[in-house]
Participant: 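Questions regarding the structure given below will be posed in turn.
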Amino acid sequence: MSHTQNPSDKELLERIRSEDQEAFRILIDRYEFQVAATVKGMLGNRAEAEDIGQETFIRFIRSINKFREESSIGTYLTRIAINLSLNELKRQERQNRRFFSVSGYDEEEMIYPSEEMTDMEDMELKEMVHKAIGKLKPEFKSVIVLRMLREYSTNETADILDIPVGTVLSRYSRAIDKLRILLKPYLNSHEINV
Amino acid sequence: MKLTYERKLMLKALEDNLSSGEEEQLQALFKDSSSLKREYEELRQTHVLVSAAREESFKPYFAERVLKRFNKEQLSIFTDDSYNYLVHMFYRFAFTAFIVAMLLGSYNLFSKQDSTSVDQPFIESVIALPPLSINDASSNITLLNNEVINYDENAN
(Lines give C-alpha, C1' and ligand atoms only; values in the text may rest on other atoms or scores of the structure.)
Protein backbone atom coordinates (compact mmCIF):
# COMPACT_ATOMS: atom_id res chain seq x y z
CA MET A 1 0.00 0.00 0.00
CA SER A 2 1.49 3.36 -1.00
CA HIS A 3 1.27 6.34 1.29
CA THR A 4 1.60 10.03 0.53
CA GLN A 5 4.72 11.74 1.87
CA ASN A 6 2.76 14.28 3.85
CA PRO A 7 -0.49 12.57 4.84
CA SER A 8 -3.44 14.58 6.12
CA ASP A 9 -4.60 14.14 9.70
CA LYS A 10 -7.59 12.17 8.44
CA GLU A 11 -5.38 9.78 6.50
CA LEU A 12 -3.09 9.42 9.51
CA LEU A 13 -6.04 8.53 11.74
CA GLU A 14 -7.20 5.84 9.31
CA ARG A 15 -3.71 4.36 9.12
CA ILE A 16 -3.27 4.43 12.91
CA ARG A 17 -6.64 2.72 13.33
CA SER A 18 -5.33 -0.08 11.12
CA GLU A 19 -2.28 -0.31 13.43
CA ASP A 20 0.26 1.39 11.18
CA GLN A 21 3.07 2.41 13.57
CA GLU A 22 4.78 4.60 10.96
CA ALA A 23 1.63 6.73 10.88
CA PHE A 24 1.76 6.99 14.67
CA ARG A 25 5.37 8.17 14.42
CA ILE A 26 4.40 10.87 11.90
CA LEU A 27 1.58 12.00 14.18
CA ILE A 28 3.96 12.26 17.16
CA ASP A 29 6.46 14.30 15.13
CA ARG A 30 3.67 16.55 13.87
CA TYR A 31 2.17 17.31 17.28
CA GLU A 32 5.21 17.03 19.55
CA PHE A 33 5.65 20.81 19.75
CA GLN A 34 2.04 21.39 20.78
CA VAL A 35 2.16 18.74 23.48
CA ALA A 36 5.62 19.91 24.63
CA ALA A 37 4.46 23.53 24.90
CA THR A 38 1.48 22.41 26.97
CA VAL A 39 3.09 19.98 29.40
CA LYS A 40 6.33 21.95 29.81
CA GLY A 41 4.24 25.05 30.44
CA MET A 42 2.25 23.20 33.07
CA LEU A 43 5.03 21.21 34.72
CA GLY A 44 8.21 23.08 33.83
CA ASN A 45 11.18 21.64 32.02
CA ARG A 46 11.47 18.49 34.12
CA ALA A 47 11.58 14.74 33.61
CA GLU A 48 7.90 14.45 34.53
CA ALA A 49 7.06 16.66 31.55
CA GLU A 50 8.58 14.16 29.10
CA ASP A 51 6.77 11.33 30.86
CA ILE A 52 3.41 13.13 30.64
CA GLY A 53 4.17 14.01 27.02
CA GLN A 54 4.67 10.32 26.18
CA GLU A 55 1.58 9.34 28.13
CA THR A 56 -0.46 11.93 26.21
CA PHE A 57 0.26 10.22 22.88
CA ILE A 58 -0.28 6.73 24.31
CA ARG A 59 -3.66 7.75 25.77
CA PHE A 60 -4.56 9.25 22.41
CA ILE A 61 -3.81 5.97 20.62
CA ARG A 62 -5.72 3.96 23.22
CA SER A 63 -8.79 6.17 22.83
CA ILE A 64 -8.49 6.65 19.08
CA ASN A 65 -11.68 4.72 18.39
CA LYS A 66 -13.59 7.06 20.70
CA PHE A 67 -12.20 10.14 18.90
CA ARG A 68 -15.14 11.44 16.89
CA GLU A 69 -13.16 14.15 15.05
CA GLU A 70 -15.46 16.87 16.36
CA SER A 71 -12.34 18.79 17.38
CA SER A 72 -8.93 18.79 15.74
CA ILE A 73 -6.27 16.27 16.76
CA GLY A 74 -4.24 19.15 18.23
CA THR A 75 -7.10 20.27 20.48
CA TYR A 76 -7.85 16.69 21.51
CA LEU A 77 -4.20 16.06 22.39
CA THR A 78 -4.06 19.37 24.27
CA ARG A 79 -7.09 18.35 26.31
CA ILE A 80 -5.42 15.04 27.24
CA ALA A 81 -2.12 16.81 28.00
CA ILE A 82 -3.80 19.40 30.23
CA ASN A 83 -5.77 16.78 32.17
CA LEU A 84 -2.71 14.57 32.68
CA SER A 85 -0.65 17.61 33.76
CA LEU A 86 -3.34 18.70 36.23
CA ASN A 87 -3.39 15.17 37.68
CA GLU A 88 0.40 15.22 37.97
CA LEU A 89 0.29 18.61 39.72
CA LYS A 90 -2.30 17.26 42.16
CA ARG A 91 -0.09 14.25 42.82
CA GLN A 92 2.93 16.49 43.44
CA GLU A 93 0.86 18.75 45.69
CA ARG A 94 -0.29 15.76 47.77
CA GLN A 95 3.31 14.57 48.03
CA ASN A 96 4.55 18.03 49.07
CA ARG A 97 1.82 18.30 51.69
CA ARG A 98 2.68 14.88 53.07
CA PHE A 99 6.38 15.62 53.42
CA PHE A 100 6.61 19.39 53.88
CA SER A 101 3.10 20.54 54.88
CA VAL A 102 3.39 23.52 52.55
CA SER A 103 2.13 24.58 49.17
CA GLY A 104 4.47 26.38 46.79
CA TYR A 105 1.65 28.29 45.16
CA ASP A 106 0.74 31.91 45.57
CA GLU A 107 4.05 33.11 46.92
CA GLU A 108 4.32 36.55 45.44
CA GLU A 109 8.03 37.04 45.89
CA MET A 110 9.50 38.67 42.86
CA ILE A 111 11.92 36.69 40.74
CA TYR A 112 15.12 38.65 40.14
CA PRO A 113 17.68 38.22 37.40
CA SER A 114 20.92 36.74 38.69
CA GLU A 115 24.17 38.77 38.61
CA GLU A 116 25.44 37.01 35.50
CA MET A 117 22.21 37.52 33.64
CA THR A 118 22.89 41.02 32.39
CA ASP A 119 22.64 39.83 28.79
CA MET A 120 19.41 37.98 29.55
CA GLU A 121 20.09 34.87 27.56
CA ASP A 122 17.13 33.15 26.06
CA MET A 123 17.45 29.94 28.08
CA GLU A 124 17.74 31.75 31.38
CA LEU A 125 14.82 34.00 30.56
CA LYS A 126 12.66 30.97 29.77
CA GLU A 127 13.70 29.37 33.03
CA MET A 128 12.66 32.45 35.00
CA VAL A 129 9.32 32.63 33.23
CA HIS A 130 8.66 28.93 33.87
CA LYS A 131 9.62 29.44 37.50
CA ALA A 132 7.03 32.22 37.70
CA ILE A 133 4.36 30.12 35.98
CA GLY A 134 5.22 27.30 38.41
CA LYS A 135 4.13 29.52 41.28
CA LEU A 136 0.59 29.76 39.97
CA LYS A 137 -2.19 27.50 41.16
CA PRO A 138 -2.99 24.73 38.63
CA GLU A 139 -6.31 26.27 37.55
CA PHE A 140 -4.58 29.58 36.75
CA LYS A 141 -1.61 27.85 35.20
CA SER A 142 -3.77 25.94 32.71
CA VAL A 143 -5.37 29.18 31.51
CA ILE A 144 -2.00 30.90 31.11
CA VAL A 145 -0.54 27.94 29.25
CA LEU A 146 -3.44 27.71 26.82
CA ARG A 147 -3.86 31.46 26.32
CA MET A 148 -0.25 32.59 26.25
CA LEU A 149 1.89 29.61 25.34
CA ARG A 150 -0.54 27.87 23.01
CA GLU A 151 -2.24 31.06 21.82
CA TYR A 152 -5.74 29.63 22.05
CA SER A 153 -8.51 32.21 22.15
CA THR A 154 -10.59 32.74 25.29
CA ASN A 155 -13.44 30.70 23.80
CA GLU A 156 -11.16 27.82 22.75
CA THR A 157 -9.56 27.81 26.21
CA ALA A 158 -12.99 27.64 27.82
CA ASP A 159 -13.89 24.75 25.53
CA ILE A 160 -10.71 22.76 26.28
CA LEU A 161 -10.97 23.29 30.04
CA ASP A 162 -14.72 22.83 30.00
CA ILE A 163 -15.35 26.00 32.02
CA PRO A 164 -17.36 29.16 31.24
CA VAL A 165 -15.74 31.95 29.19
CA GLY A 166 -16.20 34.37 32.12
CA THR A 167 -14.18 32.06 34.37
CA VAL A 168 -11.38 31.92 31.80
CA LEU A 169 -11.27 35.74 31.63
CA SER A 170 -11.31 36.09 35.39
CA ARG A 171 -8.57 33.48 35.90
CA TYR A 172 -6.52 34.97 33.07
CA SER A 173 -6.77 38.42 34.59
CA ARG A 174 -5.68 37.24 38.05
CA ALA A 175 -2.94 34.99 36.68
CA ILE A 176 -1.39 37.63 34.45
CA ASP A 177 -1.44 40.05 37.39
CA LYS A 178 0.47 37.54 39.51
CA LEU A 179 2.97 36.98 36.71
CA ARG A 180 3.35 40.76 36.33
CA ILE A 181 4.29 41.00 40.01
CA LEU A 182 6.60 37.98 39.93
CA LEU A 183 8.40 39.11 36.79
CA LYS A 184 8.45 42.83 37.57
CA PRO A 185 12.25 43.08 37.71
CA TYR A 186 12.41 41.88 34.11
CA LEU A 187 9.65 44.14 32.90
CA ASN A 188 11.26 47.31 34.10
CA SER A 189 14.91 46.59 33.49
CA HIS A 190 14.82 44.89 30.14
CA GLU A 191 13.70 46.10 26.79
CA ILE A 192 11.31 43.68 25.17
CA ASN A 193 11.02 43.67 21.44
CA VAL A 194 7.45 43.30 20.31
CA MET B 1 -13.95 38.30 40.65
CA LYS B 2 -15.90 40.71 38.45
CA LEU B 3 -13.72 42.38 35.87
CA THR B 4 -14.00 46.08 35.26
CA TYR B 5 -14.75 47.36 31.79
CA GLU B 6 -11.22 48.83 31.55
CA ARG B 7 -9.73 45.49 32.50
CA LYS B 8 -11.80 43.63 29.90
CA LEU B 9 -10.65 46.10 27.25
CA MET B 10 -7.01 45.63 28.23
CA LEU B 11 -7.30 41.84 28.11
CA LYS B 12 -8.96 42.04 24.71
CA ALA B 13 -6.17 44.35 23.55
CA LEU B 14 -3.58 41.76 24.59
CA GLU B 15 -5.42 39.32 22.35
CA ASP B 16 -5.39 41.87 19.50
CA ASN B 17 -9.11 41.51 19.53
CA LEU B 18 -10.34 45.11 19.89
CA SER B 19 -12.81 46.70 17.54
CA SER B 20 -11.90 50.19 16.30
CA GLY B 21 -14.45 51.70 18.71
CA GLU B 22 -12.96 49.83 21.67
CA GLU B 23 -9.46 50.83 20.59
CA GLU B 24 -10.49 54.48 20.69
CA GLN B 25 -12.10 54.02 24.11
CA LEU B 26 -8.94 52.42 25.48
CA GLN B 27 -6.74 55.23 24.12
CA ALA B 28 -9.08 57.77 25.73
CA LEU B 29 -8.81 55.92 29.06
CA PHE B 30 -5.02 55.96 28.80
CA LYS B 31 -5.07 59.72 28.18
CA ASP B 32 -7.05 60.19 31.38
CA SER B 33 -5.01 57.83 33.53
CA SER B 34 -1.26 57.38 33.28
CA SER B 35 -1.37 54.59 35.92
CA LEU B 36 -3.80 52.62 33.75
CA LYS B 37 -1.49 53.08 30.78
CA ARG B 38 1.48 51.88 32.87
CA GLU B 39 -0.51 48.89 34.05
CA TYR B 40 -1.40 47.98 30.48
CA GLU B 41 2.23 48.35 29.40
CA GLU B 42 3.32 45.95 32.15
CA LEU B 43 0.60 43.48 31.21
CA ARG B 44 1.67 43.65 27.57
CA GLN B 45 5.32 43.11 28.49
CA THR B 46 4.35 40.18 30.71
CA HIS B 47 2.34 38.72 27.85
CA VAL B 48 5.27 39.01 25.44
CA LEU B 49 7.75 37.64 27.98
CA VAL B 50 5.63 34.60 28.81
CA SER B 51 4.65 33.88 25.19
CA ALA B 52 8.35 33.93 24.22
CA ALA B 53 9.11 31.25 26.82
CA ARG B 54 7.28 28.54 24.94
CA GLU B 55 9.14 25.20 24.84
CA GLU B 56 8.52 23.50 21.53
CA SER B 57 10.09 20.09 21.83
CA PHE B 58 11.21 17.32 24.09
CA LYS B 59 14.68 15.79 23.92
CA PRO B 60 15.67 14.30 20.54
CA TYR B 61 14.13 10.95 19.49
CA PHE B 62 10.94 11.63 21.43
CA ALA B 63 8.82 9.69 18.89
CA GLU B 64 11.07 6.63 19.22
CA ARG B 65 10.72 6.70 22.99
CA VAL B 66 6.93 6.95 22.77
CA LEU B 67 6.76 4.02 20.33
CA LYS B 68 9.07 1.92 22.49
CA ARG B 69 6.96 2.60 25.56
CA PHE B 70 3.75 1.96 23.63
CA ASN B 71 5.00 -1.43 22.38
CA LYS B 72 6.24 -2.38 25.83
CA GLU B 73 2.89 -1.48 27.38
CA GLN B 74 1.04 -3.43 24.68
CA LEU B 75 3.09 -6.49 25.64
CA SER B 76 2.48 -6.01 29.34
CA ILE B 77 -1.24 -5.53 28.67
CA PHE B 78 -1.22 -8.92 26.91
CA THR B 79 0.65 -10.54 29.82
CA ASP B 80 -1.58 -8.84 32.34
CA ASP B 81 -4.65 -9.92 30.39
CA SER B 82 -3.61 -13.60 30.48
CA TYR B 83 -2.86 -13.41 34.17
CA ASN B 84 -6.12 -11.60 34.88
CA TYR B 85 -8.00 -14.20 32.84
CA LEU B 86 -6.54 -17.04 34.92
CA VAL B 87 -7.31 -15.24 38.17
CA HIS B 88 -10.84 -14.53 36.97
CA MET B 89 -11.40 -18.18 36.00
CA PHE B 90 -9.97 -19.40 39.29
CA TYR B 91 -12.34 -17.21 41.29
CA ARG B 92 -15.25 -18.26 39.12
CA PHE B 93 -14.58 -22.00 39.57
CA ALA B 94 -13.61 -21.64 43.20
CA PHE B 95 -16.87 -19.86 43.92
CA THR B 96 -18.90 -22.49 42.05
CA ALA B 97 -17.04 -25.33 43.83
CA PHE B 98 -17.65 -23.67 47.19
CA ILE B 99 -21.39 -23.37 46.52
CA VAL B 100 -21.61 -27.03 45.40
CA ALA B 101 -19.67 -28.19 48.50
CA MET B 102 -21.99 -26.19 50.76
CA LEU B 103 -25.09 -27.70 49.13
CA LEU B 104 -23.74 -31.27 49.36
CA GLY B 105 -22.64 -30.73 52.97
CA SER B 106 -26.08 -29.37 53.91
CA TYR B 107 -27.76 -32.28 52.14
CA ASN B 108 -25.53 -34.83 53.95
CA LEU B 109 -26.05 -33.17 57.29
CA PHE B 110 -29.85 -32.97 57.09
CA SER B 111 -30.43 -36.37 55.42
CA LYS B 112 -28.27 -38.05 58.13
CA GLN B 113 -30.28 -36.42 60.94
CA ASP B 114 -33.47 -37.84 59.43
CA SER B 115 -32.25 -41.43 58.83
CA THR B 116 -29.98 -42.51 61.71
CA SER B 117 -29.71 -42.22 65.40
CA VAL B 118 -25.97 -42.97 65.68
CA ASP B 119 -23.97 -40.05 67.14
CA GLN B 120 -21.43 -38.96 64.57
CA PRO B 121 -19.00 -36.01 64.58
CA PHE B 122 -20.19 -32.96 62.63
CA ILE B 123 -17.44 -33.07 59.99
CA GLU B 124 -18.06 -36.75 59.26
CA SER B 125 -21.75 -36.01 58.86
CA VAL B 126 -21.04 -33.16 56.46
CA ILE B 127 -18.80 -35.25 54.23
CA ALA B 128 -21.16 -38.26 54.60
CA LEU B 129 -18.77 -40.84 56.09
CA PRO B 130 -20.70 -44.02 57.04
CA PRO B 131 -21.30 -44.32 60.80
CA LEU B 132 -18.71 -46.56 62.46
CA SER B 133 -18.74 -47.73 66.12
CA ILE B 134 -15.80 -49.26 68.08
CA ASN B 135 -17.56 -52.68 68.03
CA ASP B 136 -17.97 -52.49 64.23
CA ALA B 137 -14.32 -51.61 63.89
CA SER B 138 -13.09 -54.46 66.17
CA SER B 139 -15.30 -57.07 64.47
CA ASN B 140 -13.93 -55.89 61.09
CA ILE B 141 -10.39 -56.28 62.41
CA THR B 142 -11.20 -59.83 63.71
CA LEU B 143 -12.60 -60.79 60.31
CA LEU B 144 -9.51 -59.43 58.63
CA ASN B 145 -7.22 -61.36 61.00
CA ASN B 146 -9.13 -64.59 60.31
CA GLU B 147 -8.76 -64.07 56.58
CA VAL B 148 -5.00 -63.55 56.95
CA ILE B 149 -4.67 -66.72 59.06
CA ASN B 150 -6.68 -68.76 56.50
CA TYR B 151 -4.52 -67.40 53.69
CA ASP B 152 -1.28 -68.36 55.52
CA GLU B 153 -2.60 -71.91 56.25
CA ASN B 154 -3.56 -72.42 52.60
CA ALA B 155 -0.19 -71.21 51.50
CA ASN B 156 1.61 -73.61 53.79
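As the structure is a computational prediction, the values presented were derived from the model and not from experiment. The basis for the numbers below is simple: all heavy atoms, side chains too, and nothing from hydrogens, waters or symmetry mates. Below, chains carry the letters A, B, ... as their sequence lines are ordered, and counting in each starts from 1.
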Participant: At a heavy-atom separation under 4.5 Å, does A/Thr154 approach chain B through its side chain, its backbone, both, or neither?
Facilitator: both
Participant: Pick one of side chain, backbone, both or neither for A/Leu27, based on which atoms fall under 4.5 Å of a heavy atom in chain B.
Facilitator: neither
Participant: Under the side chain to side chain contact (heavy atoms under 4.5 Å, CB included) test, which residues partner B/Ser106, sequence neighbours left out?
Facilitator: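 Only B/Phe110 meet the side chain to side chain contact (heavy atoms under 4.5 Å, CB included) criterion with B/Ser106.
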Participant: Which atoms of A/Glu55 come close to chain B, meaning under 4.5 Å heavy atom to heavy atom: side chain ones, backbone ones, both, or neither?
Facilitator: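 Backbone plus side chain of A/Glu55, per the 4.5 Å heavy-atom cut-off to chain B.
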Participant: Name the residue from A/Thr78, A/Leu161, A/Asp159, A/Val168 that meets the side-chain contact (heavy atoms from CB on, under 4.5 Å) definition with A/Tyr152.
Facilitator: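 Of the listed options, the one satisfying the test is A/Thr78.
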Participant: Could you walk me through whether B/Gln25 and B/Tyr5 satisfy the side chain to side chain donor-acceptor pair (under 3.5 Å) test, starting with their C-alpha distance in whole Å, then the side-chain angles of each, then the deciding distance to 0.1 Å, before giving a yes or no?
Facilitator: CA-CA 11 Å; B/Gln25 282 177 341; B/Tyr5 182 65; 2.5 Å; yes
Participant: Shorter than 4.5 Å, heavy atoms on both sides: which option in A/Arg150, A/Gln34, A/Glu127, A/Arg147 has the most such pairs with chain B?
Facilitator: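 Heavy-atom pair counts peak at A/Arg147.
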Participant: Counting only heavy atoms closer than 4.5 Å, note whether B/Glu41 contacts chain A via side chain, backbone, both or neither.
Facilitator: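 Neither; nothing under 4.5 Å.
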Participant: Counting heavy-atom pairs under 4.5 Å to chain B, which of A/Glu50, A/Gln21, A/Arg25 comes out on top?
Facilitator: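 Most pairs with chain B among the choices: A/Glu50.
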Participant: Side chain, backbone, both or neither: which part of A/Thr38 has a non-hydrogen atom closer than 4.5 Å to chain B?
Facilitator: neither
Participant: Any chance the side chains of A/Ser72 and A/Thr75 put a donor and an acceptor closer than 3.5 Å?
Facilitator: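 The answer is yes; a qualifying pair exists.
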Participant: Side chain, backbone, both or neither: which part of A/Val35 has a heavy atom under 4.5 Å from chain B?
Facilitator: both
Participant: Looking at A/Phe24 versus B/Phe70, is the centre-to-centre ring distance below 6.0 Å?
Facilitator: yes
Participant: Hey, which of B/Gln27, B/Lys8, B/Lys12 is the one that makes side-chain contact (heavy atoms from CB on, under 4.5 Å) with B/Glu22?
Facilitator: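 Among the candidates, only B/Lys12 passes.
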Participant: Can you check whether A/Gln54's main-chain N or O pairs, donor with acceptor, with B/Arg69's side chain at less than 3.5 Å?
Facilitator: no
Participant: For chain B, which of A/Val39, A/Leu169, A/Val145 has the most heavy-atom pairs under 4.5 Å?
Facilitator: A/Leu169
